[in-house]
Structure formats: C-alpha cells, structure tokens
Amino acid sequence: MHDQGGSPSIADATTPSAGRIYDYLLGGNHNFEIDRIAAKGLLKDVPEMLQWVRLIRWFLGSTIRRLCDDGFTKFLDFASGLPTVDHIHQVAPKGTRVVYSDIDPVTVAYAREIVKNLPEIDFVQGDAGNPESVLGLEVVQRLFGSDRKVAIGYNGIAWFLPDDRVVHALEVLYDWASPGSRLFICDINSTAQTTDGDRLREFYQQVKQPVYVRSEKRFREMLGRWKVNPQGIRPLEEWLPIDKKSMEKATESAGGNLIGAILEKT
Ligand SMILES: C[S@@+](CC[C@H](N)C(=O)[O-])C[C@H]1O[C@@H](n2cnc3c(N)ncnc32)[C@H](O)[C@@H]1O
C-alpha cells in the first residue's frame, strides 16, 4: 500500500479502495479489478447502492450548476472521493478554483495524480469532522487568497460522522466563511418510509465504516446558524432537472431516503 517514501501508492491493485469502488459504482474508469470485484459483492447485498451513489452525484452536479449560476467561482469540498464522473471541476466553468479533500490516503494519492496538471484545482488530505485540518492549509490561501466567500461541499459524508462531529464541522465552517457563502449537504432521512437503516449499517460494517442514520428533524437541528435556502430540505431527486425515466430506478429505491439542502451564511 505504501511506496518506499512512505506515501500511499495509487498503483496498489491488491487491496480495494473505497474511492475507487465509488468511482466504479458511478460508472467511472479510475478503478482496478480488485475494486470491481468488491463493488459487485457489495451490490449483491445492497443492490440499491448503485442508484444511491448516482443520486448523490447528480445532486452534487445540480447544486454546482446552481451555485455557478449564482456567481460562485471558488469551491471547498469535503469527503470528495475521486474527482471523476461529473465532479465539481468537470461541471463548473473553466477557471473555477476547487480545493478537494478526503480522509482516505489512497483516494488522496490517486486524486492528486488526476488533477496534477490543473493549476486551479488541488486535492488535499483532510477530515470532514475536523475542517480545521483543511482550512489551515497553504492551498486554501493559494487558491482562494483572502476571499472567504466560497461554496462549500459537504456532500455524501454526514452519515459517516456522529452528530457532534457534524455540528462541530458546520460551526467551524460558519465561523470561517464570509457572509454570503453557501454550503450544500445531504443526509439519510431515517423517517422516510423506505429507509432500511439496519441493512445500510450492515453494508457499511463490511467496509468497516460506521454509519449514523438520523431523522430529518435532527438533521435540521444540526445545521446550527446556517440558514436553509428557500428551496428547503428536500428529497434529492426533487433537486434534479433530470428526466423522470432516468430517475426511475434511483427514486424507486432511494425515494425520500436521501435529503439535501443548500445553506447560506447570512
Ligand atoms: C460517498 S463518498 C463521497 C461523495 C462525494 N462527496 C460526492 O458528492 O459524490 C464518501 C467519501 O467520504 C470519505 N470519508 C469518509 N470519512 C471521512 C472523513 N471523516 N473525512 C473526510 N472524508 C471522509 C471517503 O473516503 C469517501 O471518499
């Protein structure tokens, strides 16, 4: 897993990597045979996973387009996964500055290879539960300067963190950002009829990732001082300008389970 210098190796094809499995589920080509085997095994247990990951990525794309339309040119993203398959810099106009981050060293190493020739994009290691680990890095100053009116991505991560860590992170980001900044976030809604929290937890136990499923009410409480924008907290599929046919499978299994919102610092 590590090269002689001690850095994680992206060429290690003997152990599945969460980031590359996710890339495979999204239909990307930054994955190895070992990842594809692991992904297929996971899909046997939780077949709807395929639609969930796509729904999350579609929400990301739709939100990025809205934020770019609203004039945002700087994005700070947590728990990014690999920057492939319609991720921020692939959706936003050229010139948009993006600081991606993820906790997984193999994902970070692979991602850095992918963006290494893009001067306006960088990818760093950081913990979404402890945003200070990213905010203090030189790259933030280098790409954003002193401008802190930014769009912050907190997508597809809240359910991997206990409540107190999400609350802490949102507080820190609120204090750091300038007024007018936005933050987009999604979560699993335990009160939606089709949620099967136990199966989800079982699935993630296999990849040794604890999962925290909460109600929409609790999710709303955790947003703290961030103001929910007028669209409100809505099921992810309601955010998407995608034709109904291509959404059928995703909403069949995930309808109402996944909720998202764009928040604003006022
Ligand atoms: C669902 S995927 C990423 C989704 C991506 N943000 C998107 O919108 O499509 C979750 C990612 O979270 C990362 N992750 C898990 N725990 C984390 C943490 N505490 N801090 C940062 N990243 C984390 C994993 O390594 C994985 O790449």
Side-chain angles (χ1 to χ4, degrees), residues 8 10 15-28 30-31 35 38-39 42 46 48-65 67 75-92 98-112 114 123-135 137 151-170 172-173 183-188 200 203-205 207-213 236 239-240 250 254 257-262:
I10 60 163
T15 313
S17 138
R20 295 189 315 239
I21 291 174
Y22 199 72
D23 174 78
Y24 172 72
L25 294 175
L26 285 169
H30 291 274
N31 48 75
D35 307 308
L42 295 175
V46 189
E48 58 267 46
M49 201 63 205
L50 195 61
Q51 282 80 42
W52 286 350
V53 298
R54 291 182 181 179
L55 197 55
I56 294 164
R57 185 53 58 93
W58 287 337
F59 171 64
L60 177 114
S62 163
T63 307
I64 299 306
R65 283 184 197 95
L67 292 167
F75 287 81
L76 175 60
D77 193 50
F78 291 90
S80 306
L82 289 179
T84 57
V85 202
D86 295 335
H87 217 316
I88 301 173
H89 75 284
Q90 297 164 310
V91 172
V98 187
V99 177
Y100 290 110
S101 62
D102 201 281
I103 203 166
D104 172 40
V106 177
T107 299
V108 175
Y110 200 163
R112 289 184 66 78
I114 293 168
F123 202 114
V124 294
Q125 186 166 20
D127 180 354
N130 175 25
E132 298 94 323
S133 62
V134 174
L135 297 175
L137 296 177
I152 301 170
Y154 212 82
N155 202 42
I157 177 66
W159 52 79
F160 292 139
L161 297 171
D163 293 17
D164 59 334
R165 300 201 73 213
V166 178
V167 169
H168 168 78
L170 295 183
V172 168
L173 290 168
L183 183 148
F184 60 97
I185 182 167
C186 68
D187 206 357
I188 296 167
L200 196 76
F203 161 71
Y204 276 111
Q205 258 168 20
V207 285
K208 300 193 173 34
Q209 170 75 68
V211 85
Y212 304 86
V213 179
L236 291 198
W239 287 92
L240 308 165
N257 281 353
L258 294 165
I259 48 176
I262 301 177

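If you read the sequence from its start, that first residue is 1, and numbering goes on from there. In listed order, ligands and their atoms are each counted from 1.
- Aromatic ring orientation, Phe184 versus Phe59: perpendicular (interplanar angle above 60°, classes split at 30° and 60°).
- Set against the non-hydrogen atoms of Leu60, the atoms of ligand 1 under 4.0 Å away are 8 (O).
- Side-chain contact, Thr84 with Asp23: a donor N or O sits under 3.5 Å from an acceptor N or O.
- For the atom pair CG of Asn31 and CZ of Arg20, the computed distance is 8.0 Å after rounding to the nearest 0.5 Å.
- Considering both main-chain and side-chain atoms, Arg165 never comes within under 3.5 Å of ligand 1 through any nitrogen or oxygen pair.
- Taking the six-membered ring for Trp and the full ring otherwise, the centers of Tyr100 and His87 sit less than 6.0 Å from each other.
- In terms of the salt bridge (charged side-chain N to carboxylate O under 4.0 Å, His left out) criterion, Asp104 has no residue partners (sequence neighbours excluded).
- In this structure, the separation between CG on Leu25 and CG on Leu42 is 7.5 Å, given to the nearest 0.5 Å.
- With Asp102, Asp127, Asp104 as candidates, the residue nearest to atom 24 (C) of ligand 1 on a non-hydrogen basis is Asp102.
- Under the 3.5 Å distance criterion, with hydrogens and angles disregarded, no donor-acceptor pair is assigned to the side chains of Tyr24 and His30.
- Annotation for ligand 1: atoms under 4.0 Å from non-hydrogen atoms of Gly81 are 27 (O).
- Within the listing of ligand 1, atoms 19 (N) sit less than 4.0 angstrom from a heavy atom of Leu161.
- Ligand 1 is approached by Ser80 to a heavy-atom distance shorter than 4.0 Å.
- Among the atoms of Gly156, none of the N or O lies under 3.5 angstrom from an N or O of ligand 1.
- Counting heavy atoms closer than 4.0 Å to ligand 1, residue Tyr22 contributes side-chain atoms (C-beta onward) but none from N, CA, C or O.
- Contact annotation: for Asp77 versus ligand 1, there are no heavy atoms closer than 4.0 Å.
- Scanning the protein heavy atoms around atom 12 (O) of ligand 1, the nearest turns out to be Ala79 CB, 3.4 Å.
- The closest protein non-hydrogen atom to atom 8 (O) of ligand 1 is Asn155 ND2, 2.8 Å.
- With rounding to the nearest 0.5 Å, the separation of CD1 in Ile152 from CG in Leu173 is 4.5 Å.
- Taking 4.0 Å as the cut-off, Thr107 does not count as a neighbour of ligand 1 on heavy-atom distance.
- Heavy-atom contacts of Arg57 reach the following atoms of ligand 1: 7 (C), 9 (O) (cutoff under 4.0 Å).
- Closest protein heavy atom to atom 22 (N) of ligand 1: Ile103 N, 3.3 Å.
- For atom 16 (N) of ligand 1, the nearest protein heavy atom (residue, atom name, distance) is Ile157 CD1, 3.5 Å.
- Of the listed residues (Ile262, Leu60, Leu55, Ile259), just one forms a side-chain contact (heavy atoms from CB on, under 4.5 Å) with Trp239, and that residue is Ile262.
- Which of Gly153, Pro105, Ala128, Gly19 comes nearest to atom 20 (N) of ligand 1 through a heavy atom is settled by distance: it is Ala128.
- For the atom pair Phe78 CZ and Tyr154 OH, the distance stands at 7.5 Å (nearest 0.5 Å).
- Of the inter-residue distances, the one linking Ser101 atom OG with Ile157 atom CD1 reads 9.5 Å to the nearest 0.5 angstrom.
- Close to ligand 1: Gly126, with a non-hydrogen atom less than 4.0 angstrom away.
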